[in-house]
2 protein chains.
Amino acid sequence: MSDLFPQKGHDHDRCVHSALAQAEKVCDVENARFTDMRRKVFTLIWQSHKAVTAYELLDALTADGLRVQPPTVYRALEFLTELGLVHRVESLNAYFGCDRPDCEHLGQYFICTDCGRVAEAVNEDMSNAVRKAARSVGFTIQATTVEIKGLCHDCATH
Amino acid sequence: MSDLFPQKGHDHDRCVHSALAQAEKVCDVENARFTDMRRKVFTLIWQSHKAVTAYELLDALTADGLRVQPPTVYRALEFLTELGLVHRVESLNAYFGCDRPDCEHLGQYFICTDCGRVAEAVNEDMSNAVRKAARSVGFTIQATTVEIKGLCHDCATH
DNA sequence: CAGAAAATGATATATTATAACATTTCATCA
DNA sequence: TGATGAAATGTTATAATATATCATTTTCTG
């Protein structure tokens with residue numbers, strides 16, 4: 001069984017640093033500005049592997065002493081999602097950090113209903129099945145949402 | 001290419017009547033009450049093959065002369081979705097009628113961004129790919145959301 | 001450095017959804 | 001058949017999510 005969700009005791013600082021480094025690279029390539037506010041929101045999202053809501057981010061920023069209003073958070077989220085640095089979980093109205101922002105992929109998210117973590121799969125079988133199904137009914141794909149809720153291996157076995 | 005979205009000039013009354021008949025049957029089997037309000041909401045949803053929001057339904061009921069409040073609509077929607085008579089499109093916060101409420105299926109929805117219609121696929125390849133992907137990472141599925149946005153054949157070719 | 005463009009601030013409000021308690025309707029069985 | 005309890009709906013209030021609009025600040029570019 002391959003890993004998808006990080007190990008319990010993993011070095012999360014590494015996740016954060018790697019994510020920041022990748023984000024900087026993507027912004028550089030796209031000639032987009034990784035401003036303070038965007039970096040703050042991005043870093044907050046990466047505080048865990050869970051999906052967080054816009055208002056949780058707002059509260060966290062407020063707790064940090066900033067006077068931030070909803071549009072500020074939503075703008076940062078729009079920027080980050082458009083660059084593929086974070087993804088939105090439609091069924092949760094929440095956001096989590098992408099760990100492969102540099103490669104194009106159909107998003108397929110596993111969401112643990114116990115621990116709340118979200119992990120992204122890049123699975124060709126699934127992508128192909130979606131594409132094949134679309135082709136067979138003459139449908140032209142613009143975007144796909146694949147969200148799978150259940151128990152991650154840790155939560156199922158402990 | 002198999003049909004998925006109904007033909008332009010199809011006999012929609014037939015869809016509605018069939019849906020109502022199936023809904024009655026499901027309610028009967030489940031020993032659930034298909035009350036006036038639930039029937040009204042269900043029928044409104046079936047006025048088209050598009051997904052409609054709770055507040056659009058509320059407005060339609062109001063236009064019909066009823067004094068209805070949001071909880072009434074949400075309760076009807078909860079009832080209908082729990083019985084599998086209607087499905088919720090997470091990425092649209094909207095609902096559409098299921099045309100196969102009697103058989104268990106993983107929902108896979110094709111959503112046309114041009115005409116707004118939603119069609120449900122029951123595709124074993126996709127279901128299997130999802131299950132296989134889950135198994136390979138030790139994930140226990142509780143629910144899946146597969147929403148594919150794009151252009152239906154009609155809209156892509158006309 | 002001026003001017004334009006991008007980002008953020010600030011205010012207001014739209015949209016989606018649910019909590020809590022009151023009332024009505026309906027099935028059932030004594 | 002009518003008392004009664006469960007289910008459904010009514011009613012009021014409010015929570016949670018999201019965006020429109022215009023003002024101000026920051027940053028880029030010439």
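What you see is a predicted model, and the numbers here were worked out from it, not measured in a lab. Letters A, B, ... mirror the listed sequences (proteins, then strands); counts begin at 1.
We find that CG of Leu57(A) is positioned 11 Å from P of dA18(D), with the value rounded to whole Å. Across the protein-nucleic acid pair, Asp36(B) atom CG and dT9(D) atom P stand 9 Å apart, rounded to whole Å. Rounding to whole angstrom units, CZ of residue Phe34(B) and C1' of dT25(C) are separated by 18 Å. Distance Leu58(B) CG to dA14(C) P: 16 Å, rounded to the nearest Å.
Of the two residues near DNA chain C, Asn93(B) and Asn31(B), the one whose nearest nucleotide lies more 5' is Asn93(B). If you find the closest nucleotide of DNA chain C to Arg33(B) and to Leu92(B), the one lying nearer the 5' end belongs to Leu92(B).
Below 30°, between 30° and 60°, or above 60°: for Trp46(A) and Phe42(A) the angle between ring planes is between 30° and 60°, a tilted geometry.
Comparing dT8(C), dT17(D), dA7(D) by their nearest atom to the side chain of Tyr55(A) picks out dT17(D). In this structure, of dT8(C), dT9(D), dA6(C), it is dT8(C) that holds the atom nearest to the side chain of Thr35(A). Of the candidates dT17(D), dA8(D), dT16(C), the closest approach to any side-chain atom of Arg38(B) belongs to dA8(D).
A side-chain hydrogen bond (donor to acceptor under 3.5 Å, both in side chains) with His10(B) is found for one member of Lys8(B), Arg14(B), Gln7(B), His12(B) and no other, namely His12(B).
Taking the six-membered ring wherever Trp is involved, the centroid distance between the rings of Tyr109(A) and His87(A) falls below 6.0 Å.
When the side-chain nitrogen and oxygen atoms of Arg88(A) are compared with OP1 and OP2 of dA18(D), one or more of them lie within a distance under 4.0 Å.
Listed by residue number, the members of residues 67-83 of chain B with any heavy atom below 4.0 angstrom from DNA chain D are Gln69(B), Pro71(B), Thr72(B), Arg75(B).
In DNA chain D, consecutive stretches of 3 or more Watson-Crick or G-U wobble pairs with both distances under 3.5 Å are given as paired ranges: C:1-30 with D:1-30.
When only modelled atom types and interatomic distance are considered, Glu90(B) and Thr145(B) share no side-chain donor-acceptor pair under 3.5 Å.
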- Test Phe5(B) against His49(B) for ring-ring contact (aromatic ring centres under 6.0 Å, His included), laying out the working first. CA-CA 9 Å; Phe5(B) 287 81; His49(B) 290 276; 8.8 Å; no

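The side-chain heavy atoms of Val52(B) and Phe96(B), taken from C-beta on, include no pair separated by under 4.5 Å.
Under the 4.0 Å criterion applied to side-chain N and carboxylate O atoms, Asp102(B) and Lys25(B) are not assigned as salt-bridge partners. The residues Asp154(B) and Arg117(B) are annotated as salt-bridged, a charged nitrogen and a carboxylate oxygen being separated by less than 4.0 angstrom.
Within a 6.0 Å sphere centred on CG of Asp11(B), heavy atoms belonging to other residues, nucleotides or ligands number more than 12.
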